[in-house]
Student: 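Got a structure here, written out as structure tokens. Questions coming.
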Protein chains: 2
Amino acid sequence: MKVHIVTVGDEILIGQIVDTNSAWMAQQLNAIGAKVTGITTVEDTSESITAGLHQALEGVDAVLMTGGLGPTKDDITKKTIADFFGVGMYFDESSYNRLQRLFEKFGITPNDSHRDQCFMPTNANLLTNKMGTAPGMWFNHDEKVIVSMPGVPYEMKYLMEYEVLPKLQAKFPMMPIQHRTIMTVGAGESMIAERIAAVEEGLPKHIKLAFLPNLGQVRLRLTGRSSDEASLREELDHWVKEIEALIPELIYGYDEYKLQAAVGELLKERGLSVSTAESCTGGYLAHLITSISGSSAYFNGSIVAYANEVKTKQLGVSTQTLEEYGAVSEQTVQEMVQGLLSLLGTDIGIAISGIAGPTGGTPDKPVGTIWLAVGNQDSIHTKKLQLTKDREKNIQYTAVVGLNMIRRFVIKSYQAAESI
Amino acid sequence: MKVHIVTVGDEILIGQIVDTNSAWMAQQLNAIGAKVTGITTVEDTSESITAGLHQALEGVDAVLMTGGLGPTKDDITKKTIADFFGVGMYFDESSYNRLQRLFEKFGITPNDSHRDQCFMPTNANLLTNKMGTAPGMWFNHDEKVIVSMPGVPYEMKYLMEYEVLPKLQAKFPMMPIQHRTIMTVGAGESMIAERIAAVEEGLPKHIKLAFLPNLGQVRLRLTGRSSDEASLREELDHWVKEIEALIPELIYGYDEYKLQAAVGELLKERGLSVSTAESCTGGYLAHLITSISGSSAYFNGSIVAYANEVKTKQLGVSTQTLEEYGAVSEQTVQEMVQGLLSLLGTDIGIAISGIAGPTGGTPDKPVGTIWLAVGNQDSIHTKKLQLTKDREKNIQYTAVVGLNMIRRFVIKSYQAAESI
């Protein structure tokens, strides 16, 4: 199946936002064996949308559109689509009822622009959008399909996952494609490439390996195409094992599993609790840990100690240590862990202090100098990072390193339940 | 001048990378008064490039292509362009000499693939690429222009800045374009649309208004086109003021300014400090606040009180309150603020407790029930939210509401320095 993605939106054409929707959609379509042959962004005018639609339909089975659906006046996509098909619009009672029910919860009465939103092209099959008010629309056009979705990322993602992808798979037969993704942390792309070079050279032609690096993590994606699904599955399993054997300590999970989920599972499985003491990451590590549902089973809390006063008064870091070694030092993060453990009483504690940037560095401690410490009542491990001047990147990278330090510390210091 | 951007690259079509080049180019083109009417990504095949080029040329003055130029075999763009124009290729001695000189510095001898890179369509005007080995190419085609550049971002950016943009400005007279973006928080898209309907209806044809919503915030973008730059500026200023007059309390800034930066400025300006006590947001609000460089001037720290024990022991919430009203209640967040203020000693404190989901709800308190409190030693304001079952969205939306509560509280409770 071939797909063309059309994005409606002036904000992309003036460069105000980057079109991340299309990349995400392309990934998902690829994963089900569909091929994206083109991505087009068109202006928010009916001429551009119509022209884009005509061009996009050439040589593909489906056109997926995003954007241009919503309550305000700049949204003309629906009318344009109706004109494209030469059909009229109707007022969809069920959409309006859903909207009313939704708004009742908030004590709001729908206004005219909400009412206008419930007019639909008469040939649209509506796709329920549980994340927002504008439904998706599915149109059958000769043997082809045209789908229109809102451009708000989480609404589009919901519709793709629960409506569009399953319906496309049902309608078009695909050349079976299978993926395995190995999630790694703790080494860079080229280091991993070197260590698994033997596997990479041995891969058969119908199996491809891609390195997908992102801030301290590298995903290794094996993609296989074959009409024999069962033996392709076996083959992929084989190659995953070969890779595992070469880089066992770097692998924390599979198939887009999140590092914070893997760390959570590890803690839960061994009955351990954790807390964080954060200076330069400002709560971002705690946020990652608590982004996992059920994290209250192993996460107690965090002290974000941005001011030195919080480091001394709450975490009991001695003023002498701060004066002698500075807030960004091995000694300080060690004392932060000790203080954290006695304050919040968790099994494990992790502390971070550094200069996130882009300003605040000194010759001794340039921007990007960051100290981490992880430990329990028995031992504390520390690590120093020397990162970039990019504040956001530094914070995110440091949090990943912190998660991996917790993971390695648990594995080394605590036996798995089954092996006790 | 109208421009269509064409990106050549399979890596975008499988979603492996996001097309940030086009957004950057669109911004630059927009700034010189050119209008980008479309962005297309095509496959790395000569059929797709040819078809893309034909479609892109329709109705525009210039087509700017990126990608498909470089030393590896999958780069067929140049040959395709030569075929498109019906011309041959020639070996460009000067490109080869430049390459040789460049490689000599590194002690490398150019290989065959480097040599191949120096064949050019005979009608190409070469644009020197000081950032890499593949030059840009400028083609005059009837009254139109086609430009081809490498896809490596810093090479493309160099060529755009020093070659393409100046040449386009020399060739085409531009209609100046200007933008104003108004950043709002605290009301939804349709609510704002209703309140500023009079302005929207009164806008002249050459000024457009777009609503760009995202999780509790809505950006309002005015775009004007006119050959008279000075009066367009005045006109836009006028319409911004008209909008301001209708929704004064919703506006926190302009032109992509971040809410957390606006809140920080407000606190700094009035010499106030803030701290957070977070349960369900798990440190995300602290992260947003500290994502701003210089936030240590007004942010002391945070207590992420995930476990009830942290709420009672650190923040001094009474066990009676927790038993009687529950952790997700107005009483609890009020006591969290009180405890936070005495613990961290900041002027203002904000507390959040809720059920982020997707599980953990009760009939009384369904998933998405969230309480917030903001206050100082004198008064505490509370707010209840009833959100969705989407954990990530709930956390992000709540943090935005929290930031806005701080903003509103500061404005209401403290006079601006200049008005004291």
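Just the heavy atoms: all of them, side chains too, but no hydrogens, waters or symmetry mates, feed the values below. Every chain is numbered from 1, with letters handed out A, B, ... down the list of sequences.
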Student: State, with a plain yes or no, whether a side-chain heavy atom of B:Leu343 is found less than 4.5 Å away from one of A:Gln314.
Tutor: yes
Student: Go through A:Gln16 and B:Gln27 one step at a time and tell me if the side-chain hydrogen bond (donor to acceptor under 3.5 Å, both in side chains) criterion holds.
Tutor: CA-CA 7 Å; A:Gln16 195 162 50; B:Gln27 273 177 4; over 6 Å; no
Student: Can you tell me which portion of B:His179 sits under 4.5 Å from chain A's heavy atoms? Options are side chain, backbone, both or neither.
Tutor: side chain
Student: Is there a side-chain contact between A:Thr290 and B:Tyr284 in this structure, where contact means two heavy atoms from C-beta onward sitting under 4.5 Å apart?
Tutor: no
Student: How long is the straight-line distance from CG of A:Asp116 back to OG of B:Ser190, given to the nearest 0.5 Å?
Tutor: 11.0 Å
Student: Pick from A:Cys280, A:Ala307, A:Ala51, A:Ala305: which one has the most heavy-atom pairs with chain B under 4.5 Å?
Tutor: A:Ala307
Student: Could you give the distance from CD (A:Gln55) to OG1 (B:Thr40), rounded to the nearest 0.5 Å?
Tutor: 7.0 Å
Student: I'd like to verify something: which residue of B:Val310, B:Leu285, B:Ile289, B:Asn308 has the highest number of heavy-atom pairs under 4.5 Å with chain A?
Tutor: B:Val310
Student: Counting only heavy atoms closer than 4.5 Å, note whether B:Ser22 contacts chain A via side chain, backbone, both or neither.
Tutor: neither
Student: I would like to know whether B:Leu215 and A:Tyr154 meet side chain to side chain contact (heavy atoms under 4.5 Å, CB included); could you show each step before the answer?
Tutor: CA-CA 10 Å; B:Leu215 278 179; A:Tyr154 56 83; 4.0 Å; yes
Student: Side chain, backbone, both or neither: which part of B:Asn300 has a non-hydrogen atom closer than 4.5 Å to chain A?
Tutor: both
Student: If you count heavy-atom pairs under 4.5 Å between each of B:Lys313, B:Glu256, B:Glu278 and chain A, which one has the most?
Tutor: B:Glu256
Student: Would you indicate whether B:Gln386, at its atom CD, is surrounded by more than 12 heavy atoms from other residues, nucleotides or ligands within a distance under 6.0 Å?
Tutor: yes
Student: Rounded to the nearest 0.5 Å, what's the gap from CD1 on A:Ile39 to CG on B:Asp19? Could you check?
Tutor: 7.5 Å
Student: Picking from A:Thr7, A:Thr133, A:Thr359, A:Ile292, which has the most non-hydrogen pairs under 4.5 angstrom with chain B?
Tutor: A:Ile292
Student: Could you check whether any side-chain heavy atom of A:Val304 comes within less than 4.5 Å of a side-chain heavy atom of B:Phe299, counting everything from C-beta outward?
Tutor: yes
Student: Under 4.5 Å heavy-atom distance to chain B, tell me which part of A:Lys311 shows up: side chain, backbone, both or neither.
Tutor: neither
Student: A:Ser296 versus chain B, heavy atoms under 4.5 Å apart: side chain, backbone, both or neither?
Tutor: both
Student: Restricting to non-hydrogen atoms, name the atom on B:Ser293 and the atom on A:Gly357 that form the minimum distance, rounded to 0.1 Å.
Tutor: OG-O, 3.9 Å
Student: Would you indicate whether the side-chain heavy atoms of B:Lys35 and A:Glu43 approach each other to under 4.5 Å?
Tutor: yes
Student: Using side-chain heavy atoms (C-beta onward) and a distance below 4.5 Å, is A:Val36 in contact with B:Ile14?
Tutor: no
Student: When rounded to the nearest 0.5 angstrom, what distance separates NZ in B:Lys393 from OH in A:Tyr158?
Tutor: 11.0 Å
Student: Any non-hydrogen side-chain atom of A:Thr37 less than 4.5 Å from a side-chain atom of B:Leu13?
Tutor: no
Student: So which residue, A:Gly301, A:Gly282, A:Ser275, ends up with the most heavy-atom pairs under 4.5 Å with chain B?
Tutor: A:Gly282
Student: Based on non-hydrogen pairs under 4.5 Å, which of B:Gln28, B:Met191, B:Arg219 is most in contact with chain A?
Tutor: B:Arg219
Student: Out of B:Val18, B:Thr388, B:Ile12, return the one with the most heavy atom pairs under 4.5 angstrom to chain A.
Tutor: B:Val18
Student: Among A:Met25, A:Gln117, A:Met131, which residue has the highest count of heavy-atom pairs closer than 4.5 Å to chain B?
Tutor: A:Met131
Student: Counting neighbours of CZ on A:Phe103 that are heavy atoms of other residues, nucleotides or ligands and sit closer than 6.0 Å, is the number greater than 12?
Tutor: yes
Student: Search all heavy atoms of A:Thr45 against all heavy atoms of B:Lys208 and return the closest pair with its distance.
Tutor: CG2-NZ, 4.3 Å
Student: Using a cut-off of under 4.5 Å on heavy-atom pairs, state which of B:Glu58, B:His4, B:Glu194 scores highest against chain A.
Tutor: B:Glu194
Student: Give, as side chain, backbone, both or neither, the part of A:Ile17 having an atom under 4.5 angstrom from any heavy atom of chain B.
Tutor: both
Student: Do B:Arg221 and A:Asp10 have side chains that get closer than 4.5 Å, going by heavy atoms?
Tutor: yes
Student: Could you check if a side-chain atom of B:Ile395 sits within less than 4.5 angstrom of a side-chain atom of A:His287, using non-hydrogen atoms only?
Tutor: yes
